[in-house]
Each structure stands twice: as C-alpha cells, then as structure tokens.
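Some notes on the structure that comes next.
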Amino acid sequence: MLSTTGIIVFILLLAVAGYFMTMGAAKLYNKVRIGRPIERTDRLAERIMGFFGRQDCQRKIAREPAAALMHLPILYGVALFALGAVHLVLEKVLGLVIFGSPYFYLITEIGGIGLLFGILFSAVRRYIQKIPRLDVGTWKEERFIVFLISDISLVVIAFFLSYGFKLIASPDYFDQWRLSLAPGTLLVASLFSGVGPALAGKLEMVFWWVHIVAAFVLIGIPRYSPLIHPMAAPLNIIFRYLDDKIEPLERIDFEDEDRETFGVNKLSDFTWKDLLDCYACAECGRCQDNCPAYLTGKPLSPKKLLAKIKEHLDEIVPGEPRIKLSNGHIIFDQEPQKSEDDEDVKKLVGEVIDEEEIWACTTCRACREQCPNMNEHANKIIQLRRAYVLDESEFPAEAQLTFTNMERNSNPWGIGWNSRADWAADLGVKILGEAGDEGSNVEYLYYVGCAGSFDDRIKKVSVSLVKVLQAAGVSFGILGTEEKCCGDSARRLGNEYLFQSLVEENIETFKSYGVKKIITTCPHCFTTLKTDYKQFGADFEVIHHTQLIEQLISAGKIKPGSLGEKMKVTYHDSCYLGRYNEEYEAPRKIIGAIKELSLVEMERSREKGFCCGAGGGRMWLEEVIGKRINIARTEQALETDPQAIICNCPFCLTMLEDGLKDKDAVDRVKVYDVAELVVRATS
Ligand code: SF4
Ligand code: SF4
C-alpha cells in the first residue's frame with residue numbers, strides 16, 4: 001500500500017487528469033453546441049441499453065478479418081484490462097484486494113495482452129503495411145496517433161512489470177497463489193527472476209507509478225488530441241436516430257418566416273448531431289473504401305468530407321474552455337469563436353467543401369453502411385446541395401432542366417404528363433379515377449413511377465408486373481394521369497421545395513382513393529413513399545414488386561416454370577432496395593425459384609453492393625470526372641461471366657444496359673428486371 005505522501009500525490013494526479021478530461025469534454029461540447037438543436041437526448045434508457053446491446057459496429061469491423069484481428073482485441077481487451085488496472089489502484093491506494101481468485105488475474109491479463117497485441121498490430125498496419133484508407137492526412141494527427149500507441153503500450157507493459165516484480169518480491173503465499181495464472185506477470189517474473197526481493201519491491205512501485213502516470217495521460221488527453229473518437233463515438237451511437245434504419249432528411253418548414261436560408265451554408269446550419277459525427281469519425285476509411293464516387297476518381301471521399309468539416313469547426317470555434325474569476329465568482333468561459341462571415345475565413349460551401357464533391361454523391365449509403373460509428377454522410381451532402389439549390393440558385397444546368405420537367409410534366413424527362421398511362425392502354429388495368437366506386441375497392445395501388453410510365457425499356461417492366469399481378473389474381477389499379485413523380489430526385493438533388501409540392505399532390509390523390517397499400521417497381525419510389533412521405537402524414541403500406549412477387553410465389557399463386565434455356569446470371573443489388581431497406585433476400589428467392597437460372601454473386605453484393613451511379617439524382621447529371629460508375633459496376637458484373645444481369649430498379653437497368661453498350665457486350669449479356677424473368681418463366 002502507498003504511504004500517505006504517495007496517496008496525496010496519487011490524488012493530485014487523479015485530480016489533474018480529471019480536470020483535463022473534463023476540459024476536453026467541455027471543448028467538444030463547446031464546438032458541437034453551435035449546431036442547431038435536434039431531439040436526440042430523449043428515451044435515454046433505450047439509447048444506453050441499445051448502445052451496449054449493439055453488435056453491428058463490431059460486425060462491421062469484423063467484415064475485414066485483418067481489421068477485426070486488430071480492433072476486437074483492443075475493444076474487448078480494454079474492457080477486461082480496465083478491471084485489472086482499477087483493481088491494482090484499489091490494492092495500492094486502499095490496500096483492498098477484492099478479487100483473490102487467480103482466474104481474475106488470468107482474464108484481466110489476457111485482456112491486457114489482447115490490448116497490447118491489437119495496439120501494436122494497428123501500428124504495423126498503419127506504418128509498415130501502410131494501408132491507404134488509414135491515412136489521416138495531417139502530421140498533427142499522425143503525431144498524436146504515435147503518441148497514443150506508445151502511451152497505451154506503456155500502460156499495459158508497466159502493469160505487467162509492476163505485478164511481475166511484486167511476485168518476485170513477495171514471499172506471501174496469497175500473492176504467489178493469486179498471480180499463479182497471470183501470464184504477463186509470470187513472464188516478467190521469469191525474465192527477471194535474478195533480481196533480489198528488495199530491488200524487486202522498489203521496481204514494483206516504480207512501474208506502478210509509470211502505469212498510473214501513463215494511464216492518467218490517456219484520461220486527460222482529449223483536451224489536446226485532435227482524435228477524440230474514443231470519447232465521441234460512443235456518444236454518437238447513444239444519440240443515434242432511433243425510429244428507423246434510415247435517418248430522415250430534415251423536413252424544411254417553408255412557412256417559417258424567421259428562416260432566411262434553407263440549406264447548410266455554414267457550420268451552424270448543421271445540427272449538433274451532424275457536428276458530433278465529425279468527431280466520432282475514427283478516420284478508418286471504411287466509408288471511403290466503399291464509396292463509388294471515390295473509387296471511380298471523383299473528388300469526394302466521405303471520410304475527408306467529415307474531416308474537412310471538423311477542421312473547419314476547429315478553426316472557427318477553438319472551443320477552448322476557460323475558468324475565470326469575475327467579480328468574485330467562478331465563471332466558465334471559452335475562447336471567442338470567429339465569424340464565418342469574416343473575409344479571411346473560408347466559406348464552408350464552395351471553399352472548404354468543393355462544389356464537385358457535393359454533386360458527386362449518389363446517396364448510395366455505402367459509407368453509412370460501413371461506418372462502425374454510425375456516421376451519416378449522404379444527408380449532410382443533400383443539405384449542402386440545398387444551399388446551392390434553395391439559397392444560391394446555383395446548380396448544374398442538367399439539374400435545372402430536370403426540375404423544370406418535373407414542375408411542368410411531373411416527370412424528369414419532360415414528356416407530356418397526359419401520356420403517363422399510355423403504356424397500359426391495352427392491358428385491361430383499372431385506372432382508379434375512371435373506375436368509379438370500383439376504383440376505390442382495389443387492394444393495391446400500383447404506383448408505376450416516371451421511368452415505368454415514360455421510358456420505353458422500363459415500360460416493359462411495368463407490363464411484366466401487370467401480367468404477374470393479373471396471373472396471380474391480385475386486386476390492383478393505377479392512377480393513370482393523376483399519378484405524379486414521387487419527388488425522389490428532386491429531394492436528393494436538394495430541391496426540397498419541389499419535392500414537397502409533389503408530396504402534397506400525391507398524398508391528396510392517394511387519400512381521395514382511400515389508398516392503403518402501394519406496390520412500386522422502383523426502389524427510389526419505394527423508399528420515398530415508404531419513408532420520406534411519413535414526414536408528411538402518409539399512412540399506407542408500401543411494398544416493392546420483388547417482395548410481392550416472392551410472397552405470391554411462396555403462396556403458390558405464381559408458379560414459375562421453364563424459361564426454355566439455362567442461364568448463368570448475376571444479381572445487382574440496388575442501393576435503395578438493399579442498403580436503404582435491407583431487402584436482399586426476396587429477389588434472390590425469386591431467382592432461386594426459376595430452376596434454369598444459376599446465380600453467381602459479384603464480390604460487391606448485398607450490403608457491399610456497388611451503386612450503378614444513378615442514385616441521388618445523378619441519373620440526370622453529366623458524369624465527366626473520373627471513370628463512369630456504371631462502367632465500373634458493369635465490369636464487376638462481367639467478371640462473373642454472366643449471360644444476364646438481373647436487377648430490381650429502372651435506374652440500375654438503364655445504367656447497366658448503357659454499361660454493356662460501352663463494353664460492347666450487348667450481344668452476349670442481357671439485363672432483365674426480376675419481373676420480366678418471372679413472366680417469361682410463367683407464360
Ligand atoms: S452515399 Fe455513396 S456516393 Fe455518397 S459519399 Fe456515401 S458512399 Fe460515396
Ligand atoms: S466516417 Fe466512419 S467509416 Fe468513415 S472514416 Fe470515419 S469512422 Fe471510418
């Protein structure tokens with residue numbers, strides 16, 4: 001046990017570490033609180049319990065075996081080793097030995113060895129293997145990483161040395177017994193067995209103090225470290241969006257007269273949770289490694305996007321907390337922040353984050369899917385787009401044309417709205433407005449969408465679905481010329497105003513026909529109607545056609561027979577059915593139900609599916625920088641040597657057919673929607 005002087009020194013060091021840790025937390029708080037309010041502190045018990053119950057962060061890390069080998073020993077090692085470290089403090093400061101069992105020391109030291117292994121392996125990956133995605137970009141951050149690796153290693157090694165010398169010094173049978181299974185302690189004791197008991201006793205104390213000082217440095221470091229994700233990431237997960245898998249975009253209240261701008265033009269236009277995201281980022285680069293824009297040479301990296309916002313925030317709001325005496329009172333203050341309007345301060349939109357970065361995103365959510373810390377990138381990008389569209393009126397000319405087409409004809413192509421139902425003219429499909437009372441009695445509204453109504457290739461998919469529904473005896477109708485664009489592209493391109501006007505019109509029409517269930521063939525319509533429309537009071541079920549067809553097959557209402565030929569196929573997961581809605585199985589089950597199809601998966605499939613390049617309104621924009629994303633995806637599909645690529649989305653189908661033309665492969669490889677194959681197999 002420590003002497004009285006030792007206890008006083010320990011308490012002083014503890015107080016200093018606690019002070020620095022509190023100041024570090026205050027600094028983080030000072031920075032993120034400049035963001036707008038958002039309700040993320042409610043249901044605290046659910047948040048905290050959910051945080052401890054979450055396995056997906058570890059699952060995401062474990063997707064890459066080498067990363068798992070590094071990260072999981074650190075994660076679980078810290079938890080186990082901390083028990084031993086706290087126990088060592090209690091033992092030395094209060095003379096308490098709560099756990100005498102040798103198994104306690106065995107487990108905590110295994111944790112310590114795991115932690116040491118993981119931390120040293122992380123250094124190997126970063127500085128010897130030089131894994132590109134781990135690059136943090138700034139020397140300042142790099143120095144902190146080297147320091148952190150060294151300090152954590154020192155905490156663990158000093159712990160083992162302290163107990164090891166204690167074992168050598170102690171004739172006490174109890175000590176000999178309780179440390180008899182502790183691997184780190186035993187190793188040190190055997191390595192230094194020649195040291196005499198008196199010197200060993202002194203060395204035990206020296207290394208105990210080394211262990212304590214190094215541990216306290218770790219506790220206090222958030223005050224100075226630019227990398228504070230160990231503190232911010234757990235908070236970020238606790239304050240996550242609870243109600244759905246997809247965090248919705250903010251619904252802008254255009255009636256709010258106090259609001260001068262609608263997009264994110266400056267840091268304080270983000271919410272505090274958006275800003276916390278940037279500090280929760282571990283700069284692991286998983287998002288970047290899966291970003292189709294980054295991988296095809298566009299100037300967008302989701303990791304760097306967050307880093308840029310963070311660096312800008314650090315510059316504008318130093319957030320350095322200060323405790324001052326004022327009129328005899330202690331007050332908490334902080335360094336004054338700069339104004340984003342100052343001439344010498346870079347503008348967030350256009351200078352800190354380039355225009356090309358903002359328009360390069362396909363909103364595919366691969367970044368969000370891969371991020372172990374639940375960071376949300378695409379919504380930030382869309383809010384930055386809103387600044388261009390709603391506040392500056394400066395955006396790509398093709399986007400302007402798309403908006404005008406949607407406004408005038410309620411479809412992005414600008415084809416006359418009154419031809420919307422022409423594709424269905426000879427199919428005997430009920431059009432709700434023309435079917436009188438009978439129209440209101442259908443079970444499903446088939447919301448055809450713009451591509452299914454106006455694009456010649458996709459009209460064939462609409463016809464196929466109608467044939468499937470008719471064959472299965474499903475009660476359904478369409479809206480015909482009363483159907484309007486769902487507004488997906490308008491919203492993702494940043495034109496929230498146009499989006500909301502389309503939502504209002506559609507919801508009114510749905511209500512007038514008492515619509516309760518909707519089928520879509522387009523995953524963008526599916527997500528928008530199912531998720532985005534909820535913010536506007538929509539109250540209906542939405543099902544994607546692949547889900548419904550799978551249900552019909554399972555119920556025996558559709559019996560796929562022969563295609564007439566064997567076909568080796570690959571399946572392309574659309575981002576909006578897959579990552580947005582976690583629907584990976586239904587289309588695969590349908591493919592599995594058609595016997596002549598043999599499915600070969602692409603390497604990037606399911607959660608790791610690679611975007612076709614058309615999401616987020618990119619369907620309507622030129623792609624002039626880097627390799628075209630649809631070409632990259634087509635090449636990935638061709639690697640499986642398929643006779644057909646099967647998809648579930650009109651945009652993907654179009655992009656992949658274009659890709660095959662570019663690769664001169666249209667004669668040997670076809671692209672089909674799932675519904676087209678089902679029709680072929682059942683007719
Ligand atoms: S949503 Fe997709 S394209 Fe956009 S940043 Fe994330 S990974 Fe990249
Ligand atoms: S945003 Fe997430 S995935 Fe991307 S670098 Fe940061 S922690 Fe890693």
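We count ligands from 1, going down the list as the structure has it; atoms in each ligand are counted the same way.
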Number of protein N/O/S atoms that sit closer than 2.8 Å to atom 4 (Fe) of ligand 1: 1
Nearest-contact summary for atom 8 (Fe) of ligand 2 - protein heavy atom, Å: Cys284 SG, 2.3 Å
Criterion salt bridge (charged side-chain N to carboxylate O under 4.0 Å, His left out) on Asp277 and Lys273, from CA distance to verdict: CA-CA 6 Å; Asp277 268 14; Lys273 174 65 177 57; 2.9 Å; yes
Derivation of the side chain to side chain donor-acceptor pair (under 3.5 Å) call for Asn373 and Tyr279: CA-CA 10 Å; Asn373 295 336; Tyr279 290 95; over 6 Å; no
Closest approach of any protein heavy atom to atom 5 (S) of ligand 2, naming residue and atom: Gly285 N, 3.1 Å
Lys347/Glu340 ion pair, N-O < 4.0 Å: no
Over 12 non-hydrogen atoms of neighbours within 6.0 angstrom of OH in Tyr497: no
Any donor-acceptor N/O pair, Arg633 side chain to Gly613 backbone, under 3.5 Å: no
Atoms of ligand 2 close to Leu306 [distance to a heavy atom under 4.0 angstrom, numbered from 1]: 1 (S)
Location of contacts on Asp277 toward ligand 2, heavy atoms closer than 4.0 Å: neither
Atom 7 (S) of ligand 2 [closest protein heavy-atom partner, distance rounded to 0.1 Å]: Ala282 N, 3.3 Å
Check: Thr402/Asn405 side-chain N/O donor and acceptor closer than 3.5 Å: no
Atom 6 (Fe) of ligand 2 [closest protein heavy-atom partner, distance rounded to 0.1 Å]: Cys281 SG, 2.3 Å
Test: Arg588 cationic atom under 6.0 Å from Tyr571 six-membered ring centre, within 45° of axis: no
Phe395/Phe403 aromatic ring centres below 6.0 Å: yes
Cys371 near atom 8 (Fe) of ligand 2: N/O/S under 2.8 Å: no
Side-chain donor-acceptor contact under 3.5 Å, Tyr576 with Thr363: yes
Contacting atoms of ligand 2, where contact means under 4.0 angstrom from a heavy atom of Glu283: 5 (S), 6 (Fe)
Min side-chain heavy-atom separation Leu384-Leu348 under 4.5 Å: yes
Best match, Ala280, Ala233, Cys287, Cys278: closest heavy atom to atom 4 (Fe) of ligand 2: Cys287
